[in-house]
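Residue numbers run from 1 in the order of the sequence given.
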Amino acid sequence: MELPAVNLKGCIVFSGSYAWANFTILALGVWAVAQRDSIDAISMFLCGLLATIFLDIVHISIFYPRGNLTDTVRFGAGMAILSLLLKPLSCCFIYHMYRERGGELLVHTGFLGSSQDRSAYQTIDSPETPADPFAVPEGRGQDARGY
């Protein structure tokens, strides 16, 4: 049984750093899928994907072939551009997976919504009192004047 030939057309036109960056992110993506509970894996994949968006823009703008375009070169450049256009959508899906795994947005600014820090939050309906390690229950060792 023969293995099918894998044809990576975008890497034919833009070789070198373009291929290294995208294959590295592909490997991080496989790691993020394999490690379903790891927040580190998915966050590294998301950051790497965001970095490759910028790097792909720079790489395509500098190394886009300008003369004598064969069909293979034109198709490879088109696939690289299509990949670049789909990466922001992939980032949205990856960010959703990051939030499902318990990741938090590290930068809390006012225009992005309310802060998710609820460590001192207590509901009105809760019968519990907040735990104060220095509080002494009334009637034990203190009189009404606080001595």
task: Look up atom SG in C92 and atom CG in L46, then write down how far apart they are to the nearest 0.5 Å.
output: 9.5 Å
task: Please round to the nearest 0.5 Å and tell me the distance separating atom CE of M44 and atom CD1 of I39.
output: 14.0 Å
- prompt: Which heavy-atom pair separates R36 from R101 by the least distance, and what is that distance?
  reply: O-NE, 3.2 Å
- prompt: Hey, what do you get for CG (L86) to CZ (F93), rounding to the nearest 0.5 Å?
  reply: 10.0 Å
message: Working to the nearest 0.5 angstrom, can you tell me the gap between I94 CD1 and L89 CG?
response: 10.0 Å
- line: Heavy atoms of R66 and S61 approach each other most closely as NH2-O, 3.6 Å
- prompt: To the nearest 0.5 Å, what is the distance between CZ (F45) and OG (S38)?
  reply: 13.0 Å
With sequence neighbours excluded, residues passing side chain to side chain contact (heavy atoms under 4.5 Å, CB included) with V33: none
field: salt bridge (charged side-chain N to carboxylate O under 4.0 Å, His left out) against D71, all qualifying residues, sequence neighbours excluded
entry: R74
Using residues 24-32 as the side-chain source, report each donor-acceptor pair under 3.5 Å to any protein atom, sequence neighbours left out, with the distance given to one decimal.
from: T24; atom 1: OG1; to: W20; atom 2: O; distance (Å): 2.6

statement: Residues passing the side chain to side chain contact (heavy atoms under 4.5 Å, CB included) test with L84, sequence neighbours excluded, are I53, D56, I57, I60
- prompt: Which residue pairs pass the side chain to side chain donor-acceptor pair (under 3.5 Å) test with at least one member in residues 43-54, sequence neighbours excluded?
  reply: T52-K87
query: Which residues satisfy the side chain to side chain contact (heavy atoms under 4.5 Å, CB included) test with L85, sequence neighbours excluded?
result: I81
